[in-house]
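Single-structure report; data block below.
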Amino acid sequence: MQYSKEIDKKWQKFWSKEKLFAADIKEKKSKYYCLVMFPYPSSELHVGHARNYVIGDAVARYKLMQGHNVLSPMGWDAFGLPAENQAIKHKVHPKEWTLKNIKRIKEQLDSWGIGYDWAREVTTCHPNYYKWTQWIFLQLYKKGLAYRKEAAVNWCSSCKTVLANEQVINGECERCSTEVEQKKLEQWFFKITDYADRLLEDLTLLEEWPERVCTMQKNWIGKSSGVEMDFEVQDSSLKIKCFTTRVDTIFGATFVALSAEYPHLEELIKDAPNKDEIISFIDKVKSKSVSVRTLETFEKEGIFSSKYAINPMTGEKIPIWIANYILMEYGTGAIMCVPAHDKRDFEFATKYNLGITEVIQSASGSRTPQTPDEVYEGEGVMVNSKEFNGLNSEEGKEKIAAYMKKKGIGEKKVNFKLRDWLISRQRYWGAPIPIIYCNKCGEVPVPEKNLPVILPEAVKFLPTGQSPLLHIDKFLNVSCPKCKGKARRETDTMDTFVDSSWYYLRYISAHQKKVPFVGKDVNNWLPVDQYIGGVEHAILHLMYSRFINKFLKDLGWISFSEPFQRLFTQGMIVKDGAKMSKSKGNVVAPDYIIDKYGADTMRLYILFMGPPQKDAEWQDEGLQGCWRFIQRAARLIDMLSEYKEEQPEKELNEHEKIVLRKIHSTIKEVTADLEGNFQFNTAISRVMELVNQTHKSLAEGILRKSIFKEAVSTVFVLLAPFTPHISEEVNALLGNKQSIFRKKWPQFKEQYLHQEEVEIGVLVNGKLREKLKINVNWERSEIETKALSLEKVKNILKDKKPKNVVYIPKRIVNIVA
RNA sequence: GCGGACGUGGCGGAAUUGGCAGACGCGCAAGAUUUAGGAUCUUGUCCUGAAAGGGGUGGGAGUUCAACUCUCCCCGUCCGCACCA
């Protein structure tokens, strides 16, 4: 038999008729929720995308064969900017474009034999989905977790539009190359910072997540504990709040630096002789977007504010500077500067001739730094710190914090890098934010019964950069839900990460009209047992989903605190050393492969090419190898059907023993590979060995038909999660009426693994010299004697007695001379 | 700069977790079969050497009977974060 694409179609039809992947949600016994990150349907899929779905399908099918009740759903992250850009460029409606892509991708997935429960398909741009995205917004709003504030956006003055970060190329607008400015706009935020501590703490629950993803999330949350304290300003009623994690260095604080956005700057500099100069400096700094400000080459600059602050511990007056390297977004926008123990402060202090006082002594006896490299930033023993001298940093931090608290100067404080989630998008193709602005009542949420706020479809797409919603009267002008007076609808739409932060819940109750999901079902089926996707979502998508999940739990809608039990992040497939992209022209399109080699060949190669969590280079020759292997394996079934059985001996012959042992060790190892971290590549290589062994044994000796048949059957059962089509075909040829996926995953039998004779390595001084066949029942002394009597060993030892002999059972004998 | 991962043949990668380095596949070479093949089947393939032997997992040290695996230093690649006070 030859494997070919015709076989694919036959079994794809069969599975869909059989409803192989239709999950029974009401039956929670041995449930297994296998979730693959749903795609953004921007164009057809290439082999890089395919890896994700092939892995997911292999897992789902494997679990199915283990008798699990498997749920493997699929959907579409269907809102987003690219659709809108396409609309403007090619005059296609985003909806039309998106649905067309969905149709195409669905065909692709089907042609690869990826099995999904399509009855649960979810599309985020459908009103029956985004109704509930809006509902979630309203719940957050009710709890005060959705709020509006001014925030800076990237603004192109020529296009009169907001730009997403990816639309800013080298600080310029991607469309017209105008330099991008900062502009403040009223924007909607989700208060994810309220959950910062829990998002951090619960990372410890995620034992089955890749370590690096947890680390990335941890860094992103960026918790740091320190002290927030007041610096009084001389000749002023102002106080400057500073946050520091190193309060033990406060005696070395020789100046204070403020961000250009610091709220009270105007007051601070009102009497400065060079006020104009200062203002122009501030304006200069502010005009630069944050992305420019954080460039590596960015030079530290500042200006003296003309005012002095009082160091609360020393009582000394220290100058207040305004500096371009202080971030308003973190801490208080003001810091105390300790040039002796902070490189950045040192750089600044040397540039502007500010004082440098050493207050921490390193173990190796540091001195006041002369160059940035000499700045000691570690912990140590406090010096020049009055009554705190001699304490180590750790104690110092505690004692000074206690002292400050007592004196009312400052208090312990925890800070996070995590910032609230900006969800407003000044875009058309997204879920409308369900808010109405009334002239009288102000900001009014759309009542739940009026959801969804439908996104109007009859709109024009012009390259103005403005949301088309601004020109739809019917959408824009509404009456206030409270007072029925004149009101205006919010025209911003939601970030697509909001859509994707809860889709895994909707799959459970995809068709519910009255609720976003049925709590009972969701609680039975979640958390997701296995989540699979790209590492590019390690931070945002996974953080937002965790946040929304926790929020819904707080509302009592769900009972679990983390949505994804186990996470697997697959590596990229690269071609010619680079990520596949149309512009580079290195995209490997699957259609051609499917047509020539069939789906199983592509699937097998994708899984065989390397460890799935690592990046891998696509090689057409590797694909050919998999094709050859499948044919080589498929040939076994022909050989079997033509096999003339001779009257078998009563006892198993050597060849039969070897094949039986190979069958069962393969079952054992493949199962272990799949139970581990999805080591598909080694699992497949082991099946290849079994095929090789079977061919070899048939050529060299006689097998009774039952063992031959068991070998063939095992090969294709073990391959079934990877190459489902050919496996079904062989399964049918072997006379089975039922799908191979209704068959139980095989169990290995210990009795066949047993080996009478094994070959061990004989080493002298740790170096392999000889091999020795031993019987497993031999005593250790017998083996040692045999090893010592080997010619080569004797030659090396001469007549001397070995100093020591180490024996590791069934592995090696190491003779120490 | 900080944090993390990694470094094994011509290539993709294995190595039971400290126990015979290079499984499996690709590529290559020789042979067989074939009208022919980019099909199939044998055999070989870490380097060096005619062989015996010697060397070998980025480099250097160390622990150990034994190190790809553990420890320290250095070099390199990739990823993430990046003036976070």
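Throughout, a chain's letter reflects where its sequence line sits, starting with A, and its residues are numbered from 1. No experiment lies behind these values; they were computed from the predicted model shown.
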(request) Using the closest heavy atom to pick a nucleotide of RNA chain B for each, name whichever of A:P611 or A:K767 lands nearer the 5' end. (result) A:P611
(message) If you assign A:T332 and A:L768 each to the RNA chain B nucleotide with the nearest heavy atom, which residue ends up on the more 5' nucleotide?
(response) A:L768
(message) Do A:K300 and A:Y325 form a cation-pi contact, if we require the NZ or CZ to be under 6.0 Å from the six-membered ring centre and within 45 degrees of the ring's axis?
(response) yes
Under a 3.5 Å cut-off for both contacts, is [N] paired Watson-Crick or G-U wobble with anything, and if yes, with which nucleotide?
{"N": "B:A5", "answer": "B:U77"}
{"N": "B:G53", "answer": "B:U48"}
{"N": "B:U63", "answer": "none"}
{"N": "B:U69", "answer": "none"}
{"N": "B:U40", "answer": "B:A32"}
{"N": "B:G12", "answer": "B:C24"}

Could you tell me whether [X] contacts a base, only the sugar-phosphate backbone, or nothing, with contacts defined as non-hydrogen atoms closer than 4.0 Å?
{"X": "A:N814", "result": "base"}
{"X": "A:R635", "result": "sugar-phosphate"}
{"X": "A:K792", "result": "sugar-phosphate"}
{"X": "A:N415", "result": "nothing"}
{"X": "A:N765", "result": "nothing"}
{"X": "A:D345", "result": "nothing"}
{"X": "A:K771", "result": "base"}
{"X": "A:E211", "result": "nothing"}
{"X": "A:Q619", "result": "sugar-phosphate"}
{"X": "A:G222", "result": "nothing"}

Could you give the [atom1]-to-[atom2] distance, from [X] to [N], as a whole number of Å?
{"X": "A:K614", "N": "B:U77", "atom1": "NZ", "atom2": "P", "result": "17 Å"}
{"X": "A:K696", "N": "B:C24", "atom1": "NZ", "atom2": "P", "result": "10 Å"}
{"X": "A:D248", "N": "B:A85", "atom1": "CG", "atom2": "C1'", "result": "13 Å"}
{"X": "A:K397", "N": "B:A85", "atom1": "NZ", "atom2": "C1'", "result": "12 Å"}
{"X": "A:E536", "N": "B:C81", "atom1": "CD", "atom2": "P", "result": "12 Å"}
{"X": "A:I573", "N": "B:C78", "atom1": "CD1", "atom2": "P", "result": "20 Å"}
{"X": "A:E700", "N": "B:U42", "atom1": "CD", "atom2": "P", "result": "10 Å"}
{"X": "A:L698", "N": "B:C41", "atom1": "CG", "atom2": "P", "result": "13 Å"}

[N] versus [M] - spacing of their [atom1] atoms, nearest Å:
{"N": "B:A85", "M": "B:G4", "atom1": "C1'", "value": "24 Å"}
{"N": "B:C11", "M": "B:C2", "atom1": "C1'", "value": "35 Å"}
{"N": "B:A39", "M": "B:A30", "atom1": "P", "value": "16 Å"}
{"N": "B:C73", "M": "B:C83", "atom1": "C1'", "value": "30 Å"}
{"N": "B:U63", "M": "B:G55", "atom1": "C1'", "value": "23 Å"}
{"N": "B:U57", "M": "B:G22", "atom1": "C1'", "value": "9 Å"}
{"N": "B:G59", "M": "B:C68", "atom1": "P", "value": "11 Å"}
{"N": "B:G60", "M": "B:C65", "atom1": "C1'", "value": "24 Å"}

Given [options], the nucleotide with the shortest approach to the side chain of [X]:
{"X": "A:N681", "options": "B:G25, B:G38, B:A14", "answer": "B:A14"}
{"X": "A:R628", "options": "B:A85, B:C26, B:A15", "answer": "B:C26"}
{"X": "A:S685", "options": "B:G80, B:A85, B:A23", "answer": "B:A23"}
{"X": "A:M216", "options": "B:G80, B:G25, B:A39", "answer": "B:G80"}

(message) Assess whether a salt bridge exists between A:K343 and A:E377, defined as any Lys/Arg side-chain N lying under 4.0 Å from an Asp/Glu carboxylate O.
(response) no
(message) Quick test of your reading of the model: are A:K412 and A:E398 salt-bridged, counting only N-O distances below 4.0 Å?
(response) yes
(request) Report the glycosidic orientation of B:G53: syn if within 90° of 0, anti in every other case. (result) anti
(message) Quick check on B:U17: syn or anti? Syn means the glycosidic torsion is within 90 degrees of zero.
(response) syn
Within less than 4.0 Å of OP1 or OP2 of [N], is there a side-chain N or O belonging to [X]?
{"X": "A:R769", "N": "B:G54", "value": "yes"}
{"X": "A:R632", "N": "B:C41", "value": "yes"}
{"X": "A:N219", "N": "B:C2", "value": "no"}
{"X": "A:R212", "N": "B:G80", "value": "no"}

(request) Indicate the atoms forming the closest heavy-atom contact of A:V715 with A:A633, along with that distance. (result) CG1-CB, 4.4 Å
(request) Please examine the side chains of A:V338 and A:R246, heavy atoms only from C-beta on, and report whether any two atoms are closer than 4.5 Å. (result) no
(request) Answer with yes or no whether A:K300 presents, from its side chain, a donor or acceptor under 3.5 Å of a partner atom in the base of B:C83. (result) yes
(message) So that I know where these two stand, are A:F608 and A:F629 an aromatic pair - ring centroids less than 6.0 Å apart?
(response) no
(request) Evaluate the criterion side chain to side chain contact (heavy atoms under 4.5 Å, CB included) for residue pair A:M639 and A:V712; output intermediate values, then yes/no. (result) CA-CA 10 Å; A:M639 293 165 75; A:V712 176; over 6 Å; no
(request) Please check if the side chain of A:T245 supplies one atom and the backbone of A:G226 the other of a donor-acceptor pair under 3.5 Å. (result) no
(message) Can you see whether A:Y597 engages A:Q624 through a side-chain donor-acceptor pair at a distance of less than 3.5 angstrom?
(response) yes
